[in-house]
**Student:** 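Let me begin by handing over the structure; questions about it come next.
Worth knowing before you read on, the calculation uses all heavy atoms, side chains too, and leaves out hydrogens, waters and symmetry mates. The chains referred to below are lettered A, B, ... by the order of the sequence lines, with proteins before strands, and numbering in each begins at 1.
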Protein chains: 2
Amino acid sequence: MSDSAKAFQTDEQFNQRLHTSGFRFTPQRQHVYNVLMETRDHPTADQVFIRSREGMPEISMATVYNCLDALVKSGLVRQVSLDRAATRYCPNMTEHCHFHCTDCGKIFDIDLDDKPSVPEAKLPRGFKPEQIEVSMRGHCPDKGCSGHSRN
Amino acid sequence: MSDSAKAFQTDEQFNQRLHTSGFRFTPQRQHVYNVLMETRDHPTADQVFIRSREGMPEISMATVYNCLDALVKSGLVRQVSLDRAATRYCPNMTEHCHFHCTDCGKIFDIDLDDKPSVPEAKLPRGFKPEQIEVSMRGHCPDKGCSGHSRN
DNA sequence: CTATCTATTTAGAATAATTCTAATTATTGA
DNA sequence: TCAATAATTAGAATTATTCTAAATAGATAG
Ligand SMILES: [Mn+2]
Ligand SMILES: [Mn+2]
Ligand SMILES: [Zn+2]
Ligand SMILES: [Zn+2]
């Protein structure tokens, strides 16, 4: 499988996204993005750093943070905040929410049929929402994560 | 206004909640809880520490963290995670979601008429959710927070 | 193509948030 | 009252993230 086949965004689309957000294309940004797309779990910046070094040994932690910032600001990657833990990164830009397993720590993408919409009436006058997010916490189906019952 | 009138939970209810979660009652836990209930904004642990010292000068930062943990685990307080920023604490246990203003940083409680329910069908077999959360980000109505337009 | 300007990368130091440690004190229950 | 256990405290330690200043690379004008 070629690199370009793996990525959802073509190089041109990727480049375009960066540019319209005022960023330049750099091999580091492309590489960090590819690393995220390769294994579509939800790694921490540190894990992205470790994985990125495999194909690009000179990359630095600061650059990984810079790249992740640029990708987030360009709308190519989502940030996932967890309670008192390192931020995770998600390259799946389709409408979905996150399920955080409190047993194993993994994060799962969950499809949403209706995209979460504000019941606008409920928002007091003057609030201008730009993003709505749904998240869940609980036990995942993995062995040992569903508590005592193991049917 | 007396202290007990301010709090939604009576001392007995408060005590009960702690006990059923395996915690003892302590004046520090009560105090930290009262501090949160007094000003119902969404302070950081550090802000809680500063406010707590006013009425209890000997309290330590470690104790504030310990107390907040115990309160969260007892279901008396909610934790609010933000992107790469200190965790906030919310003593409003009624069904609501959080609106985070990206201009001023304030967090607002927004009522939800329908409590967010999982479209269970959507969750792949085996996932056991224990909590569902909705959050919003955008501009609040405060002066200067709604971007350029100021109608 | 070359000079110049600016964005980006880099290593490492600095900061901020949170957790840990070990000693002391408070609470509980016999 | 006493022993057992939980909680508090100060400060050190750790972790995540940001900052800094120098080096490098990409874009643009001539
Ligand atoms: Mn995701
Ligand atoms: Mn709240
Ligand atoms: Zn799990
Ligand atoms: Zn605001």
**Student:** Taking the ring centre of each residue, are B/H96 and B/H98 less than 6.0 Å apart?
**Tutor:** yes
**Student:** Could you tell me whether B/K106 and B/D142 make a salt bridge, using a distance below 4.0 angstrom between a side-chain N and a carboxylate O?
**Tutor:** yes
**Student:** Mind checking if B/N66 touches a base, just sugar-phosphate, or nothing, with heavy atoms under 4.0 Å?
**Tutor:** base
**Student:** Could you please spell out the steps behind the side-chain hydrogen bond (donor to acceptor under 3.5 Å, both in side chains) verdict for A/D41 and A/T39?
**Tutor:** CA-CA 6 Å; A/D41 52 357; A/T39 313; 5.1 Å; no
**Student:** Base, sugar-phosphate alone, or nothing: which one does B/T44 contact when heavy atoms must sit under 4.0 Å apart?
**Tutor:** nothing
**Student:** I need the CE-P distance between B/M61 and D/dA7, as an integer number of Å.
**Tutor:** 19 Å
**Student:** What distance separates A/T94 OG1 from A/L112 CG, expressed to the nearest 0.5 Å?
**Tutor:** 9.5 Å
**Student:** Would you kindly give the CG-to-C1' distance between B/L82 and C/dA17, to the nearest whole Å?
**Tutor:** 13 Å
**Student:** Rounding to an integer number of Å, can you tell me how far A/D83 CG sits from C/dA17 P?
**Tutor:** 16 Å
**Student:** Using heavy atoms to find the nearest nucleotide of DNA chain D for B/R29 and A/A62 separately, return the residue whose nucleotide is more 5′.
**Tutor:** B/R29
**Student:** Within the pair A/S60 and C/dT9, is there a side-chain N or O less than 4.0 Å away from OP1 or OP2?
**Tutor:** no
**Student:** What's the angle between the local helix axes at either end of the helix from C/dC1-D/dG30 to C/dA30-D/dT1, using five pairs per end and rounding to 10 degrees?
**Tutor:** 40°
**Student:** Counting heavy atoms from C-beta on, name the nucleotide in D/dT9, C/dT18, D/dT17 closest to the side chain of B/T87.
**Tutor:** C/dT18
**Student:** Distance check needed: C/dT8 C1' versus A/L68 CG, whole Å only.
**Tutor:** 15 Å
**Student:** Please determine if B/R137 and B/D83 form a salt bridge, counting it only when a charged side-chain N lies under 4.0 Å from a carboxylate O.
**Tutor:** yes
**Student:** Hey, what's the ring geometry for B/Y33 with B/F14, parallel, tilted or perpendicular (30° and 60° as the breaks)?
**Tutor:** tilted
**Student:** Report the C-alpha separation of B/Q30 and B/N34 in whole Å, then their side-chain angles, then the decisive distance to 0.1 Å, and conclude whether the side-chain hydrogen bond (donor to acceptor under 3.5 Å, both in side chains) test is met.
**Tutor:** CA-CA 6 Å; B/Q30 178 79 73; B/N34 288 346; 3.2 Å; yes
**Student:** Sub-3.5 Å donor-acceptor pair from the side chain of B/R88 to the main-chain atoms of B/V80, do we have one?
**Tutor:** no
**Student:** What is the distance, rounded to the nearest whole Å, between atom CZ of A/F23 and atom P of C/dT9?
**Tutor:** 10 Å
**Student:** Regarding B/R51 and B/D46, does a basic nitrogen lie under 4.0 Å from an acidic carboxylate oxygen?
**Tutor:** no
**Student:** At under 4.0 Å between heavy atoms, how does the protein contact nucleotides 25-30 of chain C? Give one character per nucleotide, 5' to 3', with B, S or -.
**Tutor:** --BS--
**Student:** Look at the side-chain N and O atoms of A/Q28 and state whether any lies under 4.0 Å from the OP1 or OP2 oxygen of D/dA25.
**Tutor:** no
**Student:** So if I take residues 52-59 of chain A and measure heavy-atom distances to DNA chain C, which residues fall below 4.0 Å?
**Tutor:** A/E58, A/I59
**Student:** With distance as the sole test, does B/R24 use its side chain to make a donor-acceptor pair with the main-chain N or O of B/L18 at under 3.5 Å?
**Tutor:** no
**Student:** Output the rounded distance in Å from OH (A/Y65) to C1' (D/dT20).
**Tutor:** 17 Å
**Student:** Would you mind reporting whether B/M136 and B/C97 have side-chain heavy atoms less than 4.5 Å apart?
**Tutor:** yes
**Student:** Expressed in angstrom and rounded to an integer, what is the separation of B/R84 atom CZ from D/dC19 atom P?
**Tutor:** 10 Å
**Student:** When we call it a touch if two heavy atoms are under 4.0 Å apart, what does A/A86 touch: a base, just sugar-phosphate, or nothing?
**Tutor:** sugar-phosphate
**Student:** To the nearest Å, give me how far apart CZ (B/F49) and P (C/dT19) are.
**Tutor:** 16 Å
**Student:** Please determine if B/D69 and A/R84 form a salt bridge, counting it only when a charged side-chain N lies under 4.0 Å from a carboxylate O.
**Tutor:** yes
